[in-house]
Amino acid sequence: MRAGELLGRTAYDEQGRRLGRVVDLVVRGTPGGPLRLTDLVVTRHWYGRLSGRLIGPERHPSGPWAIRAAARLLGRSTVQVPVHRLRLDPPVPGLPEVPPSR
């Protein structure tokens, strides 16, 4: 699976509520071992796609207050969600499918 197959897709939670669009991927692995897709970063607003996590307050916790405030404002609709808790539209082959709840 390629990152381009996931980026930009619409993500829904387990209850079928729209979370937004996928803007980033989180992969984890052991040294020398394979990487495994664990989480997707999803945003609700168009400006979240521009900022993503690049200027997030977690990356610059001790920067100037104005930068921290702007990063919190831009990143407030951006969330990191485990892959097994998401359903993507259109579905991606090879990604575990979450059944919609009733």
Side-chain angles (χ1 to χ4, degrees):
M1 172 183 333
R2 302 187 106 150
E5 296 175 24
L6 299 171
L7 296 174
R9 295 201 185 233
T10 304
Y12 297 89
D13 67 5
E14 297 164 309
Q15 286 77 35
R17 292 182 299 233
R18 184 181 186 277
L19 296 176
R21 298 224 178 244
V22 176
V23 294
D24 203 357
L25 313 173
V26 178
V27 294
R28 292 192 173 92
T30 56
L35 294 176
R36 188 172 55 90
L37 178 65
T38 59
D39 301 333
L40 296 175
V41 178
V42 179
T43 187
R44 281 183 291 222
H45 302 292
W46 65 269
Y47 52 79
R49 289 182 230 162
L50 300 176
S51 64
R53 295 184 310 165
L54 298 177
I55 62 166
E58 69 275 359
R59 288 173 84 55
H60 306 288
S62 62
W65 71 268
I67 300 295
R68 290 193 318 266
R72 275 194 304 276
L73 182 67
L74 289 173
R76 70 178 179 218
S77 69
T78 303
V79 294
Q80 183 172 325
V81 185
V83 172
H84 67 275
R85 294 182 171 257
L86 286 176
R87 185 174 53 84
L88 298 179
D89 186 34
V92 178
L95 199 65
E97 187 69 27
V98 174
S101 66
R102 297 175 191 236

Hits for side-chain hydrogen bond (donor to acceptor under 3.5 Å, both in side chains) against R17, two or more places apart or cross-chain, chain-then-number order -> D13, Q15
Please list, chain by chain and in numerical order, all residues satisfying side chain to side chain contact (heavy atoms under 4.5 Å, CB included) with P34, sequence neighbours excluded. none
Does R2 have any salt bridge (charged side-chain N to carboxylate O under 4.0 Å, His left out) partners at least two apart in sequence or in another chain, and if so, which? none
Derivation and outcome, side-chain contact (heavy atoms from CB on, under 4.5 Å), residues L19 and L86: CA-CA 9 Å; L19 296 176; L86 286 176; 3.4 Å; yes
Quick one: closest heavy-atom pair of Y12 and D89, and the distance? CE1-CB, 3.6 Å
Between A11 and V42, the two heavy atoms sitting closest are CB-CG2, 4.0 Å
Separation between CD (E5) and CG (L25), nearest 0.5 Å, reads 10.5 Å
Quick check: does any side chain N or O of R9 sit under 3.5 Å from a backbone N or O of P90, one acting as donor and the other as acceptor? yes
For D24, which of L40, T78, V41 qualifies under side chain to side chain contact (heavy atoms under 4.5 Å, CB included)? V41
To the nearest 0.5 Å, atom OG1 of T10 lies from atom CZ of R87 at 10.0 Å
Identify the two heavy atoms, one from L6 and one from V22, that lie closest to each other, and give their separation to 0.1 Å. O-CB, 3.5 Å
Of all pairs that satisfy side-chain hydrogen bond (donor to acceptor under 3.5 Å, both in side chains), the ones with a partner from residues 30-41, not counting sequence neighbours: R28-T38, R28-D39, D39-Q80
